[in-house]
Protein chains: 2
Amino acid sequence: MIEPSGTIESMPVLKGSTIDPARTRAAILEAATPLLYERGLDGIGVAELCARLGVSKETLYRHFGTKDGLVQAMLEARSERVTRWMAEAVAAAGQDPAGQLAAVFDALQAWYDDPAFRGCAMLNAAAQHHVEPVRAITARHLDRYLDLLTGIAERAGAADPPVLGRQWLMLVEGATVVAAHHDAAGAGEHARRAALALLPAARTGPQG
Amino acid sequence: MIEPSGTIESMPVLKGSTIDPARTRAAILEAATPLLYERGLDGIGVAELCARLGVSKETLYRHFGTKDGLVQAMLEARSERVTRWMAEAVAAAGQDPAGQLAAVFDALQAWYDDPAFRGCAMLNAAAQHHVEPVRAITARHLDRYLDLLTGIAERAGAADPPVLGRQWLMLVEGATVVAAHHDAAGAGEHARRAALALLPAARTGPQG
DNA sequence: CCGAAATCGAACCGATCGGTACGATCTCGG
DNA sequence: CCGAGATCGTACCGATCGGTTCGATTTCGG
C-alpha cells in the first residue's frame with residue numbers, strides 16, 4: 001500500500017516456504033493485503049483469495065479462523081507498518097519540526113502518486129465492515145497518527161500541541177480523501193502548505 | 001443525515017400516498033436513505049429494506065430497476081441536499097467571508113453531534129461499491145463542496161482561491177473523518193480555527 | 001363503472017459466499 | 001524411515017442475496 005507494494009499478480013505467491021506455519025501465516029497476510037486493498041474487503045471472496053495466494057482454504061482457516069480474522073490481522077499489520085514507515089520519514093527529516101512536518105506530507109504525496117493508491121485502507125475497511133473490531137483498529141490507527149503529529153507540534157513549541165496535532169491529522173486524512181476521491185495532483189503539497197501555515201512561527205522558508 | 005434525519009423506525013413509512021408513482025418513488029428514496037446510511041449499502045438487503053419501507057420488492061424494482069439504481073439515486077439526492085443545506089448555512093452567515101467560513105464548520109459540528117452521524121455518506125459509499133457510477137457521484141459531491149469553499153476564498157481576497165478552497169475542503173473532509181472514526185468532540189471547532197488561520201488577513205476577531 | 005395502472009405479498013430462482021470435511025500428498029524431526 | 005502435522009484440492013453445505021414472477025387487490029381517470 002504505502003511503498004509501491006507490488007502490483008497484483010495472478011499467480012501463487014507462496015513458494016520456497018517449507019512447512020513452517022509461522023512463515024505461511026506471514027506470507028498469507030502479506031499476499032492477501034494488496035488484494036483486499038484493491039478489491040475491497042467484500043470485493044473478493046475467500047475462494048478467489050486462496051486461489052490467488054496459492055493456498056488452500058483449509059490452510060487459511062487454520063491460521064485465521066475466519067475471514068474477519070484475516071481481515072483484522074491484515075489491518076493491524078498494515079496500520080503498524082504505515083505508522084512505522086511514516087515515523088521513519090519523520091526521523092529522516094532531521095531536527096527541524098517544520099522539516100519533519102513537510103516530510104509527512106511529501107511522503108503522503110508519494111503514496112498518492114502510486115497507481116495502486118486507493119485511499120486509507122483502515123478508513124475504507126471501517127466504511128465497509130462497521131463491526132466493532134474493525135472500528136477499533138481504525139481508531140487505534142488514527143491514535144498512532146495523532147501521537148506522531150502531536151510530537152512534532154510539541155517540538156515546534158506549539159501553544160496547544162494536542163489541538164495542533166489534531167488539526168494536522170485532519171489535513172492528513174483530508175488530503176488522503178481528496179486525493180483518493182477527487183484529484184491526487186498536488187494534494188500532498190497543498191496540505192503541507194496549509195499545515196506549515198498553522199505552525200506557531202513562520203520558520204518555514206520558501207514555501208514552494 | 002444532515003439535519004437530525006429521523007431515527008430508524010421499524011414500521012412502514014409509506015402512508016397516505018395514494019397510487020401516485022412519483023410520490024411513491026420519492027417516499028421510497030427518503031425512507032431508504034437513513035437505513036442505507038446507518039447500515040451501509042451492503043449491510044441491508046432488498047428484502048429487509050422493503051419490509052421496513054412497507055413496500056413490495058416489485059414496486060421498488062419498478063421504480064429503480066436495480067438496488068444499485070436505488071443507491072445511486074439516493075446518493076445523488078443526498079449530495080444535492082447536503083450541498084444546498086451547507087450553501088444555506090453560508091448564505092445565512094452574512095457577508096463576511098470569515099463568518100461564512102466559520103458557519104461551514106459550525107454546521108459540520110452540529111452534524112457530528114447527531115447520534116446518527118456516521119461519516120460522509122458519499123465517501124462511505126465509494127469505499128464500499130467501487131463501481132464507476134458511485135465514484136462519479138462522490139467526485140461530483142466533492143466538486144460541489146469545492147465550489148462553495150472556493151467562492152468564499154474569492155470573496156476573502158485570497159491570492160489563490162482554488163488552492164485555498166481545496167485546503168479548506170481537506171479540513172472539511174478531514175474533520176468529518178476524524179469525527180466519524182476517532183472523536184467528534186470539538187472536531188468542527190478545531191477545523192474551523194485551522195481554516196480561519198489560513199485566511200489571508202487575520203480579520204477573525206476572537207477565535208473562541 | 002370499468003379498465004388500466006400501481007401495488008402488494010409471497011413464492012421462487014440462480015448465483016455467490018463463508019465455512020467444513022475428507023482423503024491424498026508432502027515435509028520434517030526423531 | 002516412519003509418524004505427526006501441515007498442506008492441498010475438491011466437493012459439499014446452508015444461508016443469504018439480488019432479482020423475477022404471478023395472482024390478488026386497490027386506486028383513479030375517463
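Letters go in sequence order (proteins before strands), and every chain restarts at 1.
- Counting to the nearest Å, the P atom of D:dG9 and the CG atom of A:Leu60 are 14 Å from each other.
- Within the 4.0 Å cut-off from OP1 or OP2 of C:dA6, not a single side-chain nitrogen or oxygen of B:Arg62 is found.
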Protein-nucleic acid N or O pairs under 3.5 Å, nucleotides 17-20 of chain D:
residue: D:dG18; atom: OP1; partner: B:Lys67; partner atom: NZ; Å: 2.7
residue: D:dG18; atom: OP2; partner: B:Val46; partner atom: N; Å: 2.8
residue: D:dG19; atom: OP1; partner: B:Thr66; partner atom: OG1; Å: 3.1
residue: D:dG19; atom: OP2; partner: B:Tyr61; partner atom: OH; Å: 3.1
residue: D:dG19; atom: OP2; partner: B:Lys67; partner atom: N; Å: 2.7
residue: D:dG19; atom: N7; partner: B:Lys57; partner atom: NZ; Å: 2.7
residue: D:dG19; atom: O6; partner: B:Lys57; partner atom: NZ; Å: 2.3

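- Atom-to-atom, CZ of B:Arg25 to P of C:dA6 comes out at 14 Å; the value is rounded to the nearest Å.
- A salt bridge does not link A:Glu88 with A:Arg84: every distance from a Lys NZ or Arg NE/NH1/NH2 to an Asp or Glu carboxylate oxygen is 4.0 Å or more.
- Here the C1' atom of nucleotide C:dG9 and the CG atom of B:Leu53 are 15 Å apart, to the nearest Å.
- Here A:Ser56 does not reach the OP1 or OP2 of D:dT10: none of its side-chain N or O atoms lies under 4.0 Å away.
- One interatomic measurement links the two molecules: CZ of B:Arg39 to P of D:dT16, which rounds to 13 Å at whole-angstrom precision.
- Put simply, B:Thr24 has a side-chain N or O that comes within less than 4.0 Å of OP1 or OP2 on C:dT7.
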For residues 163-183 of chain A, dump all side-chain donor-acceptor pairs below 3.5 Å to protein atoms at least two apart in sequence or in another chain.
residue: A:Arg166; atom: NH1; partner: B:Ala185; partner atom: O; Å: 2.9
residue: A:Arg166; atom: NH1; partner: B:His190; partner atom: ND1; Å: 2.9
residue: A:Arg166; atom: NH2; partner: B:Asp183; partner atom: O; Å: 2.5
residue: A:Arg166; atom: NH2; partner: B:Ala185; partner atom: O; Å: 3.1
residue: A:Gln167; atom: NE2; partner: B:His190; partner atom: O; Å: 2.7
residue: A:Trp168; atom: NE1; partner: A:Ala195; partner atom: O; Å: 3.1
residue: A:Thr176; atom: OG1; partner: A:Tyr112; partner atom: OH; Å: 2.8
residue: A:Thr176; atom: OG1; partner: A:Val172; partner atom: O; Å: 2.8
residue: A:His182; atom: NE2; partner: B:Asp143; partner atom: OD1; Å: 2.8
residue: A:Asp183; atom: OD1; partner: A:Ala185; partner atom: N; Å: 3.1

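- Rounding to whole angstrom units, CD1 of residue A:Ile28 and C1' of D:dA6 are separated by 11 Å.
- Side-chain contact of A:Arg155 with A:Gln100: a donor-acceptor pair under 3.5 Å is present, judged by distance alone.
- Contact annotation: the side chain of A:Leu70 approaches that of A:Leu29 to within less than 4.5 Å [non-hydrogen atoms, C-beta and beyond].
- Looking at heavy atoms from C-beta onward, A:Arg192 lies in side-chain contact with A:Leu196 at the 4.5 angstrom threshold.
- A:Glu76 pairs by the salt bridge (Lys or Arg N to Asp or Glu O under 4.0 Å) definition with A:Arg140, not counting sequence neighbours.
- A:His63 has no side-chain polar atom (N or O) that falls below the 4.0 Å cut-off from OP1 or OP2 of D:dA6.
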